[in-house]
Student: 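So that we are looking at the same thing, I have put the structure below in structure tokens.
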Amino acid sequence: MKSFYNNKITIESFTYEVKPNSSILDLYNGIYESNNFFEKSLFLLGIYLFDFRTIQAGEYLIDDSLFKVLTKMKLGETITYKFVISDGMNKFDLSSYINTLKLNNDCKDFSCIDLINNSIEGLLLPDTYFYKKNTSVSKILNQAHNNLLDYVDKIWIDKPDSNPIKTKYEAIILASIIEKESSNVIDKNKVGGVFLNRLHIGMKLQSDPTIIYGLLPDFDGDIKKNDILDETNIYNTYIIDSLPSTPISMPTKTSLKAAIVNEPNSYLFFVSNNQGSHVFSETYDEHLKNVRKYQLQ
């Protein structure tokens, strides 16, 4: 049966879905284009000699010898896809992404999650989740939601007494802002300390990413003076006191820690050094000098 071991089904790989209760002939007709007598005889002989009469339904990649493909089908090694909730993703990103996937979207407008203020941001933990064809969106999103809640519960017990955040949801909101302010893990803790300091003394957060979120999905890439002064943007932290009403992105574990397992530091300002990090200052005069140095060159 050397031919059975080595017989290549196709030159180019393709996917094939074994339907429940498919017959052996259904399988042959599905994976072979022609009704070649030799191929068909080899296929049927191999099925019985190697006991491939019981195969599992599902979607398979047909990319190898007949023996290896049927072994995958017997073991149920179906195709696995990736569902990636990216760091800092927002609802517009997530909706567009879901529409590109082979998923049963039973969670229109994220109704499968218990939303807070009609917002999905901050309720899913960024990570790579794996799924099979015809998996429901609700199954994946609920897994991501539970992972987020579990992680917040886990680190909440380590929140310092000096941290002014009062609720877990407030912490997630702050973490979502930290996520958009910095991707640098070391910087995140300092950025979180700045915002915690501002919250502690009653200073406005003055975070550009919150303005941007409030302008989505029509933001043109440029924050204008009118945007900073816009009192109708409920996410404008140059205008509103304290935190916005919902998160603005999906915060990662490092951002959540920077919001929860953290304390106010001595800094009140920070500015990008255009090298993937930030420069921090305690006074407004220092901050202006840093802005001139790094942003107005």
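We number each residue from 1, following the sequence as shown.
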Student: Would you please name every residue forming a side chain to side chain donor-acceptor pair (under 3.5 Å) with Asp93, sequence neighbours left out?
Tutor: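 For Asp93 the side chain to side chain donor-acceptor pair (under 3.5 Å) partners, ignoring immediate neighbours, are Asn90.
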
Student: Is there a donor-acceptor pair under 3.5 Å between the side chain of Ser41 and the backbone N or O of Phe37?
Tutor: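 Yes.
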
Student: Under the side-chain contact (heavy atoms from CB on, under 4.5 Å) rule, collect the residues that match up with Ala171, sequence neighbours excluded.
Tutor: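 Here the qualifying residues are Trp156, Ile165, Ile260.
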
Student: Please assess Glu59 against Tyr81 for the test side chain to side chain donor-acceptor pair (under 3.5 Å), listing each intermediate value before the final yes or no.
Tutor: CA-CA 11 Å; Glu59 186 184 29; Tyr81 296 95; 2.9 Å; yes

Student: Among residues two or more places apart or on two chains, list those pairs meeting disulfide (SG to SG under 2.5 Å) that have a residue in residues 102-140.
Tutor: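 Qualifying pairs, neighbours excluded: Cys107-Cys112.
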
Student: Could you pull out the closest heavy-atom pair between Asn197 and Ser266, with the gap in Å?
Tutor: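 Of all heavy-atom pairs spanning Asn197 and Ser266, the closest is ND2-C, 3.9 Å.
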
Student: Considering residues at least two apart in sequence or located in another chain, which fulfil the salt bridge (charged side-chain N to carboxylate O under 4.0 Å, His left out) criterion with Lys132?
Tutor: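 Residues passing salt bridge (charged side-chain N to carboxylate O under 4.0 Å, His left out) with Lys132: none at all.
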
Student: Check for a donor-acceptor pair, side chain of Asn273 on one end and backbone N or O of Val279 on the other, with a separation under 3.5 Å.
Tutor: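 Such a contact is absent between Asn273 side chain and Val279 backbone.
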
Student: Compare every heavy atom of Pro251 with every heavy atom of Ser249, then report the nearest pair and how far apart it is.
Tutor: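 Heavy atoms of Ser249 and Pro251 come nearest at O-CD, 3.1 Å.
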
Student: Distance from Ile223 atom CD1 to Tyr238 atom OH, nearest 0.5 Å?
Tutor: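 Interatomic distance, Ile223 CD1 to Tyr238 OH, rounded to 0.5 Å: 7.0 Å.
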
Student: Between Tyr48 and Ile31, is there a shared hydrophobic cluster once you connect ILVMFWY residues whose side-chain heavy atoms come closer than 4.5 Å?
Tutor: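 In one cluster: yes.
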
Student: Would you indicate whether the side-chain heavy atoms of Pro209 and Tyr213 approach each other to under 4.5 Å?
Tutor: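 Side-chain contact under 4.5 Å: no.
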
Student: For Arg53 and Asp51, run side-chain contact (heavy atoms from CB on, under 4.5 Å): C-alpha distance rounded to whole Å, both residues' side-chain angles, the deciding distance at 0.1 Å, then the answer.
Tutor: CA-CA 5 Å; Arg53 284 168 292 182; Asp51 192 24; 3.4 Å; yes

Student: How many angstroms lie between atom CD1 of Ile24 and atom CD1 of Ile55, to the nearest 0.5 angstrom?
Tutor: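 Reported to 0.5 Å precision, the distance equals 6.0 Å.
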
Student: What pair of heavy atoms forms the shortest contact from Pro247 to Ser119, and how long is it?
Tutor: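 Taking every non-hydrogen atom into account, O-OG, 4.1 Å.
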
Student: Flag the pair Gln295 / Val271 as yes when at least one side-chain heavy-atom distance between them is below 4.5 Å, and no otherwise.
Tutor: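 They are in contact (side-chain heavy atoms under 4.5 Å apart), so the answer is yes.
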
Student: Is the closest basic N to carboxylate O distance between Glu179 and Lys188 below 4.0 Å?
Tutor: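 Looking at Glu179 and Lys188, the cut-off is met.
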
Student: If you measure only the distance, is there a donor-acceptor pair under 3.5 Å linking the side chains of Ser277 and Asp187?
Tutor: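 Looking only at side-chain atoms, Asp187 and Ser277 do form a donor-acceptor pair, the distance falling under 3.5 Å.
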
Student: Tell me whether Leu61 shares a hydrophobic cluster with Tyr32, the cluster being built from Ile, Leu, Val, Met, Phe, Trp, Tyr side chains joined at under 4.5 Å.
Tutor: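 As far as the 4.5 Å side-chain criterion goes, Tyr32 and Leu61 are not connected within one cluster.
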
Student: Linking I/L/V/M/F/W/Y whenever their side-chain heavy atoms sit closer than 4.5 Å, directly or via other members, would Ile248 and Ile240 fall into one cluster?
Tutor: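 Ile248 does not cluster with Ile240.
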
Student: What heavy-atom pair brings Asn236 and Asp230 nearest, and what distance separates the two atoms?
Tutor: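 Taking every non-hydrogen atom into account, ND2-O, 3.0 Å.
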
Student: Does atom CG of Asp114 have more than 12 heavy-atom neighbours, drawn from other residues, nucleotides or ligands, at distances under 6.0 Å?
Tutor: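 No, CG of Asp114 has 12 or fewer neighbouring heavy atoms, counting only those of other groups under 6.0 Å.
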
Student: What's in the same ILVMFWY side-chain cluster as Ile201, cut-off under 4.5 Å, chained through other members?
Tutor: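 Joined to Ile201, directly or through intermediates: Met203, Leu268, Phe269, Tyr284, Leu288.
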
Student: Looking only at atom types and distance, does a side-chain atom of Asp227 sit under 3.5 Å from a main-chain N or O of Ile211, one as donor and one as acceptor?
Tutor: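 No, Asp227 side chain to Ile211 backbone: no donor-acceptor pair under 3.5 Å.
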
Student: Would you say Asn147 and Leu124 make side-chain contact, with heavy atoms under 4.5 Å?
Tutor: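 Asn147 does not reach Leu124 side chain to side chain.
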
Student: Output the distance between atom CD (Gln206) and atom CD1 (Ile239), rounded to the nearest 0.5 Å.
Tutor: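 Going from the CD atom of Gln206 to the CD1 atom of Ile239 covers 9.5 Å.
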
Student: If a pair satisfies disulfide (SG to SG under 2.5 Å) and one of its residues is in residues 236-275, list it, with sequence neighbours excluded.
Tutor: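 Pairs touching residues 236-275 that pass the test: none.
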
Student: Work out which heavy atom in Lys74 is nearest to a heavy atom in Thr54; give both atom names and the distance.
Tutor: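 Closest pair (atom of Lys74, atom of Thr54, distance): CG-O, 3.7 Å.
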
Student: For residues Phe50 and Phe67, determine if any side-chain heavy atom of one lies less than 4.5 Å from a side-chain heavy atom of the other.
Tutor: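 Phe50 vs Phe67: side chains touch.
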
Student: For Val18, does its backbone N or O pair with a side-chain atom of Ser22 as donor and acceptor, under 3.5 Å?
Tutor: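 Between the backbone of Val18 and the side chain of Ser22 there is no qualifying donor-acceptor contact (under 3.5 Å).
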
Student: Using ring pair (Phe, Tyr, Trp, His ring centres under 6.0 Å) as the criterion, list what pairs up with Tyr97, not counting sequence neighbours.
Tutor: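 Counting only residues at least two positions away or on another chain, Tyr97 forms a ring pair (Phe, Tyr, Trp, His ring centres under 6.0 Å) with Phe83.
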
Student: Should Met73 and Phe52 count as side-chain neighbours, where that means a heavy-atom distance under 4.5 Å?
Tutor: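 A side-chain contact under 4.5 Å is absent here.
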
Student: State whether the number of non-hydrogen atoms from other residues, nucleotides or ligands found under 6.0 Å of Leu216 atom CG is greater than 12.
Tutor: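 It does: Leu216 CG has more than 12 such atoms within range.
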
Student: List the residues meeting side chain to side chain donor-acceptor pair (under 3.5 Å) with Lys72, not counting sequence neighbours, and say none if there are none.
Tutor: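 For Lys72 the side chain to side chain donor-acceptor pair (under 3.5 Å) partners, ignoring immediate neighbours, are Asp63.
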
Student: To the nearest 0.5 Å, what is the distance between OG on Ser176 and CE on Met89?
Tutor: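 Interatomic distance, Ser176 OG to Met89 CE, rounded to 0.5 Å: 15.0 Å.
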
Student: Can you hop from Ile85 to Leu115 via hydrophobic side chains spaced under 4.5 Å?
Tutor: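 Linked, Ile85 and Leu115 end up in one cluster.
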
Student: Sorted by first residue and then second, give each salt bridge (charged side-chain N to carboxylate O under 4.0 Å, His left out) pair with at least one member in residues 154-177; sequence neighbours left out.
Tutor: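 For residues 154-177: Asp153-Lys168.
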
Student: Distance from Leu45 atom CG to Lys40 atom NZ, nearest 0.5 Å?
Tutor: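 One gets 14.5 Å once the value is rounded to the nearest 0.5 Å.
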
Student: Counting neighbours of CG on Asn118 that are heavy atoms of other residues, nucleotides or ligands and sit closer than 6.0 Å, is the number greater than 12?
Tutor: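 No, the 6.0 Å shell around CG holds no more than 12 heavy atoms from other groups.
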
Student: To the nearest 0.5 Å, what is the distance between CD1 on Ile173 and OG on Ser242?
Tutor: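 One gets 8.5 Å once the value is rounded to the nearest 0.5 Å.
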
Student: Report, as yes or no, whether the 6.0 Å neighbourhood of atom CG on Asn29 holds more than 12 heavy atoms from other residues, nucleotides or ligands.
Tutor: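 Above 12, so yes.
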
Student: Answer yes or no: are there more than 12 heavy-atom neighbours, outside Lys253 itself, under 6.0 Å from its atom NZ?
Tutor: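 For Lys253, atom NZ is not crowded (no more than 12 foreign heavy atoms under 6.0 Å).
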
Student: Give a yes or no on this: more than 12 heavy atoms of other residues, nucleotides or ligands lie within 6.0 Å of atom NZ of Lys224.
Tutor: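 Buried by this count: over 12 neighbours within 6.0 Å.
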
Student: Charged N to carboxylate O below 4.0 Å: is that the case for Lys204 and Asp241?
Tutor: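 Here Lys204 pairs with Asp241 in a salt bridge, since their nearest N and O are under 4.0 Å apart.
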
Student: Start with the C-alpha distance between Thr210 and Leu205, add both sets of side-chain angles, then the distance that settles side-chain contact (heavy atoms from CB on, under 4.5 Å), and finish with yes or no.
Tutor: CA-CA 9 Å; Thr210 64; Leu205 294 185; over 6 Å; no

Student: Is there side-chain contact between Ser207 and Phe195, with heavy atoms separated by less than 4.5 Å?
Tutor: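 Side chain of Ser207 against side chain of Phe195, heavy atoms only: contact under 4.5 Å found.
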
Student: Between Asn163 (side chain only) and Glu263 (backbone N and O only), is there a donor and an acceptor less than 3.5 Å apart?
Tutor: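 Absent.
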
Student: Taking Val69's backbone N and O only, do any of them form a donor-acceptor pair with Asp64's side chain (distance below 3.5 Å, no angle check)?
Tutor: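 No; judged by distance alone, with no hydrogens or angles, the pair does not exist.
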
Student: Who are the side-chain contact (heavy atoms from CB on, under 4.5 Å) partners of Lys257, not counting sequence neighbours?
Tutor: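 Only Tyr151, Ile155 meet the side-chain contact (heavy atoms from CB on, under 4.5 Å) criterion with Lys257.
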
Student: Side chains of Leu148 and Leu256: does their closest heavy-atom pair fall under 4.5 Å?
Tutor: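 Yes, at least one pair of side-chain atoms sits under 4.5 Å.
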
Student: If I compare all heavy atoms of Asn233 with all of Gly214, which pair ends up nearest, and what's the gap?
Tutor: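 Shortest heavy-atom contact: OD1-CA, 3.4 Å.
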
Student: Within the distance-only criterion (no hydrogens, no angle test), does the side chain of Asn99 pair as donor or acceptor with the backbone N or O of Ser95 below 3.5 angstrom?
Tutor: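 Yes, Asn99 side chain to Ser95 backbone: donor-acceptor pair under 3.5 Å.
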
Student: If the condition is side chain to side chain donor-acceptor pair (under 3.5 Å), which residues does Tyr235 pass it with, not counting sequence neighbours?
Tutor: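 For Tyr235 the side chain to side chain donor-acceptor pair (under 3.5 Å) partners, ignoring immediate neighbours, are Thr246.
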
Student: So if you build clusters from Ile, Leu, Val, Met, Phe, Trp, Tyr with side-chain heavy-atom gaps below 4.5 Å, do Phe130 and Ile98 land together?
Tutor: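 No, it is not one cluster - the side chains of Phe130 and Ile98 are not joined through contacts under 4.5 Å.
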
Student: Should Leu66 and Phe43 count as side-chain neighbours, where that means a heavy-atom distance under 4.5 Å?
Tutor: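 Leu66 vs Phe43: side chains touch.
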
Student: Sequence neighbours excluded, which residues qualify as side chain to side chain donor-acceptor pair (under 3.5 Å) partners of Tyr16?
Tutor: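 Testing Tyr16 for side chain to side chain donor-acceptor pair (under 3.5 Å), a comparison that skips the adjacent residues, returns none.
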
